[in-house]
Amino acid sequence: PFCKRLTGIQQSQVDQSPPFSVALERFHEWLFKLAGNDILLVTCGDWDLGSLLPRQCQQHDISVPSWADRWANLKRVFAWNYPQAAHQTSLDGMAKALGLAWIGRAHSGIDDSRNIVQILQKMLAAGIVIEDTAFWRCLQCGMRNAYRMRHCQNCQRSAFDLRPGDWLCAHCGFGNYSNRMTCFDCG
């Protein structure tokens with residue numbers, strides 16, 4: 001019920017869809033036909049490509065596609081370029097801050113994509129460079145590390161600065177806030 005309310009997707013749509021491995025392969029083929037090897041996907045957050053897709057691939061014993069190792073998180077690019085509106089990094093918040101009308105229903109994949117596109121187009125028209133944001137910079141040595149790395153490749157410092165009560169997941173090593181009962185990354 002929660003997912004149906006959130007996304008509008010009905011069980012009948014899920015039942016009629018191809019298995020994950022087939023859908024991923026179709027997306028892969030479409031993506032490379034459209035863009036070749038010069039790909040930088042744009043997301044609204046890091047979770048979809050940083051956590052969900054790798055978890056789904058692992059569940060189906062599939063390698064994470066190379067195109068999913070780098071992406072531009074529109075929230076980060078927006079905050080970097082619009083510091084006066086950096087607190088408005090929800091999809092609807094960014095649209096409002098840029099004077100754009102909201103399209104459709106929140107959390108509907110197609111409508112979210114349309115809203116990401118209109119925000120992206122407005123930012124590109126303003127001369128903003130969209131670049132890979134799928135990394136974190138080590139606070140100890142300054143090295144740039146891939147988003148999914150849990151420790152710095154250079155000095156082994158943890159990617160997470162835990163506060164009292166926060167915890168590292170024993171399964172995946174993700175740093176979680178104290179109020180979480182299950183790991184944000186691996187569930």
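This chain uses plain numbering: 1 for the first residue, then up along the sequence.
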Novice: Between N145 and M143, is there a donor-acceptor pair closer than 3.5 Å when you use the side chain of the first and the backbone of the second?
Specialist: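 Checked: pair present.
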Novice: How many angstroms lie between atom OG of S108 and atom CG of N115, to the nearest 0.5 angstrom?
Specialist: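 Atom-to-atom, S108:OG and N115:CG are 9.5 Å apart.
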Novice: Would a distance-only check, ignoring hydrogens and angles, find a side-chain to backbone donor-acceptor pair under 3.5 Å from K122 to L98?
Specialist: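 Checking the backbone N and O of L98 against the side chain of K122, a donor-acceptor pair under 3.5 Å is found.
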Novice: Shared ILVMFWY cluster between F27 and I116, side chains joined below 4.5 angstrom?
Specialist: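 In one cluster with F27: I116, no.
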Novice: Among residues at least two apart in sequence or on other chains, which ones pass ring-ring contact (aromatic ring centres under 6.0 Å, His included) with H107?
Specialist: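 None.
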Novice: Answer whether the closest heavy-atom distance between the side chains of L162 and W167 falls below 4.5 Å.
Specialist: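 They are not in side-chain contact.
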Novice: Using the test side chain to side chain donor-acceptor pair (under 3.5 Å), find all partners of R150 that sit at least two apart in sequence or belong to another chain.
Specialist: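 Here the qualifying residues are D185.
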Novice: For the side chain of D46 and the backbone of A134, is there at least one donor-acceptor N/O pair under 3.5 Å apart?
Specialist: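 No; judged by distance alone, with no hydrogens or angles, the pair does not exist.
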Novice: If we ignore hydrogens and angles and just use 3.5 Å, is the side chain of D166 paired with the main-chain N or O of S178 as donor and acceptor?
Specialist: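 Here the side-chain-to-backbone pair exists.
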Novice: Do L100 and Q121 make a side-chain contact, defined as non-hydrogen atoms from C-beta onward lying under 4.5 Å apart?
Specialist: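 The answer is no; the side chains never approach within 4.5 Å.
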Novice: Who pairs with R114 by salt bridge (Lys or Arg N to Asp or Glu O under 4.0 Å), at least two apart in sequence or on another chain?
Specialist: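 Checked R114 against salt bridge (Lys or Arg N to Asp or Glu O under 4.0 Å); matches are D111.
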Novice: Can you tell me how far apart CG (L52) and SG (C57) are? Round to the nearest 0.5 Å.
Specialist: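 Atom-to-atom, L52:CG and C57:SG are 9.0 Å apart.
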Novice: T43 versus T133: any side-chain heavy-atom pair under 4.5 Å?
Specialist: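 A side-chain contact under 4.5 Å is absent here.
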Novice: Are R148 and D69 close enough for a salt bridge, meaning some N to O gap below 4.0 Å?
Specialist: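 Answer for the salt bridge query: yes.
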Novice: List for me each residue that meets side chain to side chain donor-acceptor pair (under 3.5 Å) alongside H28, sequence neighbours excluded, and say none if there are none.
Specialist: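 Scan of H28 (side chain to side chain donor-acceptor pair (under 3.5 Å), adjacent residues dropped) gives W67.
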Novice: Counting only N and O atoms by type, is there a donor-acceptor contact under 3.5 Å from the side chain of R70 to the main-chain atoms of F135?
Specialist: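 Not at all, since once roles are kept as given, no pair shorter than 3.5 Å links the two residues.
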Novice: To the nearest 0.5 Å, tell me how far I62 CD1 sits from Q56 CD.
Specialist: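 Reported to 0.5 Å precision, the distance equals 8.5 Å.
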Novice: Just wondering, do H60 and P19 contact through their side chains at under 4.5 Å, heavy atoms?
Specialist: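 Not touching, per the 4.5 Å side-chain cut-off.
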Novice: Rounded to the nearest 0.5 Å, how far does CH2 of W80 lie from CD of E131?
Specialist: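 Going from CD on E131 over to CH2 on W80, the span is 5.5 Å.
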Novice: Mind checking who shares a hydrophobic cluster with V129, ILVMFWY linked at side-chain heavy-atom distances under 4.5 Å?
Specialist: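 When side chains under 4.5 Å apart are linked, V129 ends up in no cluster with other residues.
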Novice: For residues W47 and F184, determine if any side-chain heavy atom of one lies less than 4.5 Å from a side-chain heavy atom of the other.
Specialist: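 Yes - at least one pair of side-chain heavy atoms lies under 4.5 Å apart.
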Novice: Is there a side-chain contact between W136 and C152 in this structure, where contact means two heavy atoms from C-beta onward sitting under 4.5 Å apart?
Specialist: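 When only atoms from C-beta onward are counted, C152 and W136 do touch, with a gap below 4.5 Å.
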Novice: Run the ring-ring contact (aromatic ring centres under 6.0 Å, His included) test against W71 and tell me which residues pass, sequence neighbours left out.
Specialist: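 In terms of ring-ring contact (aromatic ring centres under 6.0 Å, His included), with neighbours along the sequence ignored, W71 is linked to Y147.
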Novice: Can you tell me how far CG of L91 sits from CG of D112, rounded to the nearest 0.5 angstrom?
Specialist: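 Taking CG in D112 and CG in L91, the distance rounds to 5.5 Å.
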